[in-house]
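This report concerns only the one structure given below.
Computation of the quantities below employed the complete heavy-atom set of this structure, encompassing side-chain atoms and omitting hydrogens, waters and symmetry-equivalent molecules. Residue numbers begin at 1 in each chain, while the letters A, B, ... track the order of the sequences. Since this is a predicted model, take the numbers as computed values, not measurements.
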Amino acid sequence: MSTGFDDFPFFDEEPTPRKPASGTTPRDADMGAPSPARPSVFDSETGAHSGANPSGGSLGIAARAIAARDQARTPDYLSGLNPEQREAVETLDGPVLVLAGAGTGKTRVLTTRIAHVLATGRAFPSQILAVTFTNKAAREMKERIGVLVGGAVEGMPWLGTFHSIGVKLLRRHAELVGLSSDFTILDTDDVVRLIKQIIQAEGLDDKRWPAKQFAAMIDGWKNKGLDPSQIPEGDARAFANGRGRELYAAYQNRLKSLNACDFGDLLLHPIRMFRANPDVLRDYHQRFRYILVDEYQDTNTAQYMWLRLLAQRPSASKRGTNPPNGRQGQAAVAPDGAPPWSEPQSGDSVNENKSQQINICCVGDDDQSIYGWRGAEVDNILRFEKDFPGAKVIKLERNYRSTEHILGAAGHLIAHNEGRLGKTLFTDRVDPNDEKVVVHAAWDSEEEARAVGEEIEQLQRNQHLLNDMAILVRASFQMREFEDRFVTLGLNYRVIGGPRFYERLEIRDAMAYFRLVCQPADDLAFERIVNTPKRGLGDTTIRNLHDYARARDIPMLQAASDIVLTDELKPKARKSLLDVVADFTRWQDMLDTTPHTELAEKILDESGYTAMWQNDKSAEAPGRLENLKELIRSMEGFDSMRGFLEHVSLVMDAEQNENMDAISIMTLHSAKGLEFETVFLPGWEEGLFPHQRALDESGRAGLEEERRLAYVGITRAKRRCHLWFVSNRRIHGLWQSTMPSRFLDELPPAHVEVAEAETSYGGYGRGGGYGQSRFDKQEPFQSSYSTPGWKRAQANKTDATRENWGSRSGHSVERIGYGESGPRGKTIDGHLVAKSTASEPSKFAVGDRVFHIKFGNGNVASVEGNKLTIDFDRAGQKRVLDGFVERA
DNA sequence: ACCTTCCAGATGATG
DNA sequence: TCTGGAAGGT
């Protein structure tokens, strides 16, 4: 077997299956801790853990689990779960779908379930596959499992995002899909540039057929798991005079010759690889005993296929009874045809594993599916029981986050959706003092921002922290007005979302240098920096070079080093290019001999890139230099340049400054998974929310997704939830009069109150259809919020809420994840963020126990500013930035 | 290589 | 209405 599993010590020594015959109470022998004869991550790790064990004693988790069971007691980690959560944790056999409503302890269930699998000795850490969508979720999960099982989490190499696990699979088996294992991962920007080249090379007008649009199409196809040959005819015809399919194929070829993958390939290549190599797939079937999937409602078709392949061991009977492509009729699956479910079924390769099933557990909430536009198929979760026959579905409906009013409002709203699995959240913690959800009206968006600002200040005066408040908008253009207002008021705020650190120009340039050094075939990187800084290598030279490379089918860097030996170029260009080639050759030679941070600095200095920004007189230049320093600093946490590159392409996040008290401004989408004491939801108007385009493009499905988004918004609030709508909003520069959102009318009166204007105008707006469902009514509708009374109140309110603000000192703004081009006209830049975080004392102290996503747990050995030296339990001593570690 | 002018696009945003 | 990007001119 050539699958290269050597680094997984336990692969060849799987625990014997411990599935109890009855499926209920395990027999003693089955529950035993890993036998002493077997080398066990668990045994070696439990020692570390037991020190922290409040119940004392030196027993490992598994041993304690047994003891607990023997005494008919509950292991620590299970106590405190409610009955449903506990069922979700303890139902280990067979497929399980956990429908976890907002705030019902989803992550807790997932992490405890993993701990339970480990503690009962059912699998080793390396035999658990746990996938999330975001790095953040993966990180949180790792951290929380760490709390439960101590260092054993270090042994979980297969906990990560779909993409990071895809990379891992692909690095091992790259040759099976025609790549070499040092392939490059292209981000969206690279992809667009590459496609543009292809479009131009095909002699097409790149204005008429924008690369960006085609990139989006390809992405859509890949989300559905479609190869060029499988895309629907209509789609293929829709681009470039019917040449869509051809271009897609050309793009894939180009990727292959670049030894590169886009994000979609990180899923699709493993799928192809598994299909074409059943023996490899079988190895993974044996490895992954437990599969856990977070946010299952967000999976797209490709992810679904990927999971199916891994989760469904082929049954001894060929096709039919329990088909691996287990869908009843393909129409239900891929409406646009070309369902790629045709896994090669080698019926003969199967029998030996009858007894071992793979236990998949998907956790999600159909009511929070808000990424349909990104390819997510809610249907995956709705169909779970059909896909996985015998699946157990467990609903978590006990909410630990919000007041009854908030839950009542959200629940009533979401009940207007059809096609849900149906959950009703409830809470025990009922307090007569709880505020109802409040609906406010404003005249226009400016007044909306002003009034929200006043409410915030009022809360502040009552000792509420800004950190506990958030403004969640439907579209990012809404943020501007709030930002403007907060700058005026001197209210600290942070904007979350948007372009990220590594998407900044200077970071991408620097990364291109590093990429080219590590991966000489990376033509995109080459073209990006060959004339940056300016070296007199203009369009003509590049074109020459390009042709030369294409004609010989060699990478451009190679072509460059060849062509300088000829006299095809003008002397000036030739000299220049010669220098570039010499530089890269030298850097490549140093790759294995020079510490990578040192080399990185050398590259940036010797290439003249640093000098380029030093000589730049523009306002952003100092910030860019600062960012470059930050980049180098962040490399310290990695042991090689390659490792770092991979991290950046998949994982790197902007760090955030939690020390500052600031209100968060973000979109509803980026708020998913977060919670705040107080939530402001502005812009509840028809056309904006629900967004017109969602309605136009996806009709009822679009409306339902918008409604789910509203549901997500409301359920972010723990105690206070304030909804706003305005009568006038500027859209594309034009003032438009707007109608209150239909969602407002779908809220239950019992849990909602209408904010009165300061001068009481009582009585308006409440009658009529307020709170009634207009569910079946067709457009156009008349909202009860657009009565004359409301309008009067709004006009009135403008005066009633006149300013009483003063400017404040110490105002501070943070833009998390925004580069130099955040929403327009800001006086904020990345510089400010980098500076403020760098100058602040580290929040860590010597001796602190910390967690690093790559190196795991460790103790802080020394602190210098924001640089920490950490003794990692497994990885030894490293220097890392404090932003990369979290308190363990 | 740089500056000006023109024009399309303007929902959401993970890897 | 505004803006980022690109074409086009100098």
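We find that A:Arg450 and A:Glu447 are not joined by a salt bridge, their nearest charged nitrogen and carboxylate oxygen being 4.0 Å or further apart. Checked for salt-bridge contact, A:Asp444 and A:Arg730 miss the test: no charged N lies under 4.0 Å from a carboxylate O.
Atom C1' of B:dA13 sits at a distance of 22 Å from the matching atom of C:dC2, rounded to the whole Å. Atom name C1', nucleotides C:dG5 and B:dG12: the rounded distance is 22 Å, in whole Å.
Whole-Å rounding puts the A:His163 NE2 to B:dA13 C1' distance at 13 Å. Between the CZ atom of A:Phe477 and the P atom of B:dA10 there is a distance of 13 Å, given to the nearest Å. Rounded to whole Å, the distance from CZ on A:Arg480 to C1' on C:dG4 is 15 Å. Atoms CG (A:Asn223) and P (B:dG15) sit 14 Å apart, rounded to a whole Å. A:Trp306 places its CH2 atom 15 Å from the P atom of B:dG15, with the value rounded to the nearest Å. Atom CG in A:Leu734 sits roughly 7 Å away from atom P in C:dT1 (whole-Å rounding). Rounded to whole Å, atom P of C:dA6 lies 11 Å from atom CD of A:Gln200. Per the geometry, CE belonging to A:Met479 stands 17 Å off P belonging to B:dA10, to the nearest Å.
B:dG12 has its base stacked against the ring of A:Trp373, the centroids being under 5.5 angstrom apart at an interplanar angle below 30°. A:His691 does not qualify as a stacking partner of the B:dG12 base, lacking a centre-to-centre distance under 5.5 Å together with planes within 30°.
Projected onto DNA chain B by closest heavy-atom contact, A:Phe133 and A:Leu537 fall at different nucleotides, the more 5' of which corresponds to A:Leu537. Nearest-nucleotide mapping onto DNA chain B: of A:Lys207 and A:Met666, the residue sitting toward the 5' end is A:Lys207.
Among the protein residues, A:Glu646 comes within range of no part of the nucleic acid, since none of its heavy atoms lies under 4.0 Å from any strand. Using a 4.0 Å heavy-atom criterion, one finds that A:Thr188 contacts the bases of the nucleic acid, with or without backbone contacts as well.
The side chain of A:Arg693 contributes an N or O atom lying less than 4.0 Å from OP1 or OP2 of B:dT11. Within the 4.0 Å cut-off from OP1 or OP2 of B:dT11, not a single side-chain nitrogen or oxygen of A:Thr667 is found. A:Asn135 has a side-chain polar atom (N or O) that falls below the 4.0 Å cut-off from OP1 or OP2 of B:dG15. For B:dT11, the OP1/OP2 oxygens have no side-chain nitrogen or oxygen of A:Ser476 closer than 4.0 Å.
Of the candidates B:dG12, C:dA6, B:dG15, the closest approach to any side-chain atom of A:Arg474 belongs to B:dG12. Closest to the A:Lys534 side chain, of the nucleotides B:dT11, B:dG12, B:dA1, is B:dA1. Listed nucleotides B:dG12, B:dG15, C:dA6 differ in distance to A:Thr134; the shortest reach to its side chain belongs to B:dG15. The side chain of A:His732 lies closest to B:dA10 when the candidates are B:dG15, B:dC2, B:dA10.
Taking A:Asp262 as the reference, A:Lys222, A:Tyr251 meet the side chain to side chain donor-acceptor pair (under 3.5 Å) condition, with sequence neighbours excluded.
Among A:Lys672, A:Arg374, A:Gln303, the single residue meeting the side-chain hydrogen bond (donor to acceptor under 3.5 Å, both in side chains) criterion with A:Asp298 is A:Lys672.
In this structure, A:Trp443 and A:Val726 have side chains that are not in contact, with every pair of non-hydrogen atoms separated by 4.5 Å or more.
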Please report the C-alpha distance between A:Phe214 and A:Met217 in whole Å, then the side-chain angles of each, then the deciding distance to 0.1 Å, and finally whether the side chain to side chain contact (heavy atoms under 4.5 Å, CB included) criterion is met. CA-CA 5 Å; A:Phe214 195 61; A:Met217 289 180 78; 4.1 Å; yes

